[in-house]
Amino acid sequence: MLIDTHCHLDDQVFDADRDAQLHAALQNGVKCIVVPSVSKTNFNAVINLATHSSHCCFALGWHPMYINQAQSNDLIALKALVLSQINHPKLVAIGEIGLDYFVTKENVTHQHLLFTEQLKLARAMQLPVILHVRKAIDDVLMYLRRHSVPGGIAHAFNGSLQQAQTFIDLGFKLGFGGAMTYTRALKIRALAKVLPLEHIVLETDAPDIPPSWLLHGEKNTPSELYQIASVLAEIKGVSIEQVIAQTGQNAMQALPKLASLCTSLEVAH
Ligand SMILES: [Zn+2]
């Protein structure tokens with residue numbers, strides 16, 4: 001099953017054509033789209049989107065790039081919101097959360113606090129996490145060892161094979177998307193080649209990380225997932241059917257609530 005495990009379909013750049021983009025993605029074989037939140041500004045948007053679109057589900061969390069706006073009472077509000085939504089069949093994870101040292105390290109203490117609190121929340125709620133990790137893999141791994149959560153996905157993974165193995169040992173799948181489609185992305189492509197397919201999930205991260213075939217500035221959409229899957233199939237020398245079947249299973253393993261959602265979609269078709 002073709003599952004986009006990371007897509008910001010609630011982003012305002014899709015305001016004009018969201019339904020059309022969703023329809024196009026389904027036409028292109030995508031069966032399910034995971035829409036993570038980034039801050040309190042879009043908690044309701046991702047909940048509403050998932051509630052109204054049978055093929056979308058959602059995650060709740062504060063993204064590290066947006067945490068400068070987060071006050072301590074916002075964290076309390078997030079916890080209350082997750083608690084109120086915990087039985088929502090489409091709340092599949094806490095996310096996206098993590099650490100980002102690429103943009104700035106000035107707020108690192110605040111980042112660590114928010115990340116730790118959200119890991120504790122995931123553990124208390126027994127929800128997996130969707131991780132954003134940039135230039136901060138070792139610190140993220142340190143916190144994951146300290147606050148064990150029920151696994152999840154390291155989105156847009158860009159680390160070493162050894163770091164990948166550590167995430168795998170902690171119960172995580174690794175997200176691959178547009179970055180892998182560039183022939184000059186030697187490191188990511190080498191990693192995609194050697195990592196067993198059992199550990200990989202697919203994502204577009206739309207509207208960000210456009211794949212190589214989109215012209216400069218063109219917005220990325222979830223419809224690109226099929227072609228991203230075919231790039232992975234080519235890199236690994238396996239069939240696209242195998243990639244779609246296995247990565248779909250992997251996504252449901254990483255985000256267990258996806259499994260019943262996807263089963264009901266199968267029945268409905
Ligand atoms: Zn994201």
Side-chain angles (χ1 to χ4, degrees), residues 1-11 14 18-19 21-38 42-61 81-97 121-131 149-155 171-177 197-206 221-226 228-229 241 243-269:
M1 182 175 280
L2 197 53
I3 300 176
D4 190 346
T5 60
H6 201 108
C7 174
H8 297 283
L9 195 59
D10 67 294
D11 192 292
F14 292 120
R18 187 168 295 107
D19 286 347
Q21 290 297 351
L22 186 57
H23 185 70
L26 299 179
Q27 291 292 325
N28 279 299
V30 177
K31 289 284 189 289
C32 189
I33 299 174
V34 180
V35 186
S37 66
V38 296
N42 75 337
F43 291 160
N44 286 332
V46 301
I47 295 172
N48 288 339
L49 182 57
T51 305
H52 294 113
S53 314
S54 55
H55 295 265
C56 294
C57 53
F58 69 102
L60 292 173
L81 179 64
V82 170
L83 196 60
S84 74
Q85 298 291 325
I86 192 68
N87 291 322
H88 194 306
K90 290 179 159 192
L91 172 59
V92 296
I94 297 296
E96 86 183 83
I97 63 171
L121 177 62
R123 182 161 69 177
M125 297 292 156
Q126 282 300 295
L127 281 171
V129 297
I130 295 174
L131 295 173
V149 294
I153 294 170
H155 136 70
F172 281 78
K173 305 291 183 193
L174 306 162
F176 284 80
L197 192 55
E198 289 70 26
H199 303 306
I200 295 176
V201 293
L202 296 173
E203 59 173 57
T204 61
D205 199 23
T221 73
S223 297
E224 303 300 336
L225 197 67
Y226 184 87
I228 287 172
E241 290 78 16
V243 164
I244 290 172
Q246 186 64 54
T247 57
Q249 271 186 34
N250 301 343
M252 291 185 243
Q253 215 176 61
L255 311 174
K257 282 168 84 174
L258 263 186
S260 50
L261 177 67
C262 292
T263 310
S264 66
L265 288 172
E266 292 274 280
V267 172
H269 274 253

Sub-3.5 Å donor-acceptor pair from the side chain of [X] to the main-chain atoms of [Y], do we have one?
{"X": "S223", "Y": "A25", "result": "yes"}
{"X": "K173", "Y": "E198", "result": "yes"}
{"X": "Q126", "Y": "R123", "result": "yes"}
{"X": "K90", "Y": "T51", "result": "no"}
{"X": "N250", "Y": "L197", "result": "yes"}

How long is the straight-line distance from [atom2] of [Y] back to [atom1] of [X], given to the nearest 0.5 Å?
{"X": "I228", "Y": "T247", "atom1": "CD1", "atom2": "OG1", "result": "11.5 Å"}
{"X": "H6", "Y": "L225", "atom1": "NE2", "atom2": "CG", "result": "13.0 Å"}
{"X": "L60", "Y": "N42", "atom1": "CG", "atom2": "CG", "result": "9.0 Å"}
{"X": "Q249", "Y": "I3", "atom1": "CD", "atom2": "CD1", "result": "10.0 Å"}
{"X": "D4", "Y": "K31", "atom1": "CG", "atom2": "NZ", "result": "13.5 Å"}
{"X": "E203", "Y": "I130", "atom1": "CD", "atom2": "CD1", "result": "9.5 Å"}

Can you tell if the side chain of [X] reaches within under 4.5 Å of the side chain of [Y], non-hydrogen atoms only?
{"X": "H8", "Y": "D205", "result": "yes"}
{"X": "H55", "Y": "L26", "result": "yes"}
{"X": "L261", "Y": "K257", "result": "no"}
{"X": "V34", "Y": "F58", "result": "no"}
{"X": "V149", "Y": "F172", "result": "yes"}
{"X": "H155", "Y": "T5", "result": "no"}
{"X": "C57", "Y": "C32", "result": "yes"}
{"X": "L131", "Y": "I153", "result": "no"}

For the residue pair [X] and [Y], what are the closest heavy atoms and their distance?
{"X": "V35", "Y": "L9", "value": "CG1-N, 4.0 Å"}
{"X": "G29", "Y": "L2", "value": "O-CB, 3.3 Å"}
{"X": "P150", "Y": "P128", "value": "O-CB, 3.6 Å"}
{"X": "C7", "Y": "I33", "value": "CB-CG2, 3.5 Å"}
{"X": "G61", "Y": "F43", "value": "O-CE2, 3.4 Å"}
{"X": "V46", "Y": "S37", "value": "CG2-CB, 3.9 Å"}

Exercise for the section: Please report the C-alpha distance between V82 and L127 in whole Å, then the side-chain angles of each, then the deciding distance to 0.1 Å, and finally whether the side-chain contact (heavy atoms from CB on, under 4.5 Å) criterion is met. Expected result: CA-CA 10 Å; V82 170; L127 281 171; 4.3 Å; yes

Handout entry: Steps toward side-chain contact (heavy atoms from CB on, under 4.5 Å) verdict (I47, Q85)
Key = CA-CA 9 Å; I47 295 172; Q85 298 291 325; 4.0 Å; yes

